[in-house]
Amino acid sequence: VYVVAMVAVLLWIDLRLAMAGLCTLVLVAVLIHSYSGQIQTLTRKRLKKEGEAASVFHETLGAIQEVQLFGGGDNLFDPLNAKSYRADMKALKARAALMRWVETLTAFSVAAVLWFGAKRAMAGGLTTGDLVVVITYLRAIYKPVRRIARLTMQASKARISAERVVDVLSAEPEIRDAPDAIAAPRFQGGIAFQDVSFAYTRKRLVLEGLHLEVQPGETIALVGTSGAGKSTLMSMLPRLYDPASGAIEVEGVDIRRYRLESLRSRIAVAPQEAVLFSTTIAENIALGAAQRDDRAIRRAAELAHAAEFIEQLPEGFDSPVGERGLSLSGGQRQRIAIARAILRDAPIVLLDEPFRGLDAESEEAVRLGLEALLQDRTAFVIAHRLTTLLGANRVAVLDEGRLVEVGTPAELLGAGGRFRQLAELQIDARTASFAAEVQA
Ligand code: ATP
């Protein structure tokens, strides 16, 4: 309102002088417009690099031991940081150039109006008072214009940051509830893979035409060489991925008919590397539970053979586990993950090589925990080592995404096929290394 009123007064005092002074505004507007595009592009680049550097920073801190042991944190972080710095410097230079133009233009404009105004005043076409008003008003009008030019950078940054946030917030997950999805009932756990195929990329099928029927309460060991598709197969049950073709059914119903949240609440997962959060042991066990029930937590820990070591900790169940559980051993973390799965009390259990990296003693404790977990539940266990197979009702052997053998461990060993080959490889390798050690 202030600016509009001043422009009106200027035009009323002297139309030509006012027009000359106001022409500058048009030029400034064109300048701001052309520079702000450039500043926005540079700001976008800078924020992208800053985001990448932040994610490397996060990863580096998350794997601090590897970085300390192998070095290389700087190699990852410095180039991204340098790129973000360079983009920032370029944006600052662009802003400085814009400001230089705006300041010069407005200064010249005031000088020109003063020059012509003075001449007209001397010729008697304008009073000195009018000339003073014109100059004062013109300068007052230029002030906010300069401020707008100065704000271009902040405005660009705010705009691009908002764009990035909106991008994330408006991202649609690929796997969603069907419009008519229903709540998953408490099933017994009979599962059928019906001609399931899946590919991460267009180039290669990771699972191909897979048929597998699993009875309620059965434990199926998934066996195969590295990259055969075991983890992929398992991650399809809680619908982290959907089949490209075919269907996975639980008790005759396609799992895509169930609401995601309710389906996942029927599945307990103990991954290869137990993921713990930097809170207390009790809260880690109760992860995802609707409410904390200390007795149930203790019971789950007892069944998982974790209660004994937890009670020896200074604060028992309320002991902090440190960031990502670093204050606990691998076996202890594994047993907490098993206690978490037991507490979830889900009819379907997914385990990924539960004995990975454990010594014989911890393995025994984890095995006892697993027995409690697997009782009366349908389970899939990824087994790299033969010892993991103990207790599995059937073994499913995957080879390059195809199911090549299914049967009890004894049947498959007797059949002399792919499973037997894998088993012999392991036994041979172990015997050979043991024999070499004894000889040495
Ligand atoms: P391992 O025993 O080594 O864990 P696996 O049998 O569990 O192996 P998967 O992890 O299921 O094998 O991987 C099967 C194939 O899919 C591999 O060739 C792998 O490179 C590929 N793959 C796995 N995850 C992805 C992903 N997120 N994007 C693209 N390809 C992937």
Side-chain angles (χ1 to χ4, degrees), residues 52 55 58-59 62-63 66 171-176 191 193-212 214 219-248 255 260 264 267-275 330 333-334 337 341 348-358 363 366 370 378-390 392 394-407 409 412 417-430:
E52 285 171 17
S55 91
H58 178 75
E59 280 177 4
E66 283 72 10
E172 290 285 348
E174 276 176 36
I175 294 183
R176 279 181 285 177
I191 298 168
F193 288 82
Q194 307 279 20
D195 200 15
V196 170
S197 295
F198 176 76
Y200 288 103
T201 56
R202 280 161 195 250
K203 284 189 190 147
R204 193 169 67 94
L205 279 178
V206 171
L207 294 177
E208 212 175 331
L210 206 118
H211 275 285
L212 180 64
V214 183
T219 298
I220 300 284
L222 295 173
V223 174
T225 48
S226 181
K230 305 179 292 289
S231 309
T232 307
L233 173 85
M234 224 156 71
S235 56
M236 293 175 95
L237 267 168
R239 287 190 69 202
L240 297 181
Y241 301 103
D242 274 342
S245 63
I248 301 173
I255 53 174
L260 260 184
R264 289 178 183 166
I267 299 174
V269 184
Q272 204 172 69
E273 192 82 29
V275 179
R333 283 204 289 270
Q334 203 68 5
I348 299 172
V349 176
L350 308 177
L351 299 169
D352 191 351
E353 190 48 75
F355 301 123
R356 183 170 167 265
L358 299 184
E363 188 170 319
V366 171
L370 281 178
T378 309
F380 285 85
V381 186
I382 293 184
H384 288 111
R385 291 187 294 154
L386 284 177
T387 44
T388 318
L389 294 175
L390 301 175
R394 282 190 299 156
V395 177
V397 186
L398 280 170
D399 193 17
E400 296 190 356
R402 289 174 172 279
L403 196 58
V404 289
E405 285 172 22
V406 184
L412 295 187
R418 187 87 184 96
F419 178 66
R420 184 170 177 117
Q421 246 178 354
L422 287 170
E424 279 172 355
L425 268 176
Q426 267 192 30
I427 294 165
D428 284 355
R430 283 213 190 155

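Each ligand, and each atom within it, is numbered from 1 in the order the structure gives.
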Distance from atom 4 (O) of ligand 1 to nearest protein heavy atom, with residue and atom = S231 OG, 3.8 Å
Please write down residue, atom name and distance for the protein heavy atom closest to atom 3 (O) of ligand 1.
-> S226 OG, 2.6 Å
Run the numbers for me: atoms of ligand 1, each under 4.0 Å from some heavy atom of T232, listed by number.
-> 9 (P), 11 (O), 13 (O), 14 (C)
Sub-3.5 Å donor-acceptor pair from the side chain of K230 to the main-chain atoms of L398, do we have one?
-> no
Distance to 0.1 Å, residue and atom name: give those for the protein heavy atom nearest to atom 19 (C) of ligand 1.
-> R204 NH2, 4.4 Å
V206, portion touching ligand 1 at heavy-atom distance under 4.0 Å | side chain
Sub-3.5 Å donor-acceptor pair from the side chain of R418 to the main-chain atoms of L412, do we have one?
-> no
Between L207 and M236, the two heavy atoms sitting closest are CD1-SD, 3.7 Å
Would you say I382 has any N or O atom under 3.5 Å from an N or O of ligand 1, going by distance alone?
-> no
Can you say whether the rings of Y241 and Y200 are parallel (under 30°), tilted (30 to 60°) or perpendicular (over 60°)?
-> perpendicular
Indicate yes or no for a side-chain donor-acceptor contact from R402 to the backbone of E208 under 3.5 Å, with no hydrogens or angles considered.
-> no
Say whether G229 and ligand 1 are in contact under the criterion: heavy-atom distance to a ligand atom below 4.0 Å.
-> yes
Using modelled atom types only, decide if a donor and an acceptor are shared between the side chain of S197 and the backbone of G209 within a distance under 3.5 Å.
-> yes
For atom 8 (O) of ligand 1, which protein heavy atom lies nearest, and how many Å away is it?
-> G227 N, 2.9 Å
For R394 and V406, which heavy atoms make the closest approach, and how far apart are they?
-> NH1-CG1, 3.5 Å
Closest to atom 31 (C) of ligand 1 among protein heavy atoms sits Y200 CD1, 3.2 Å
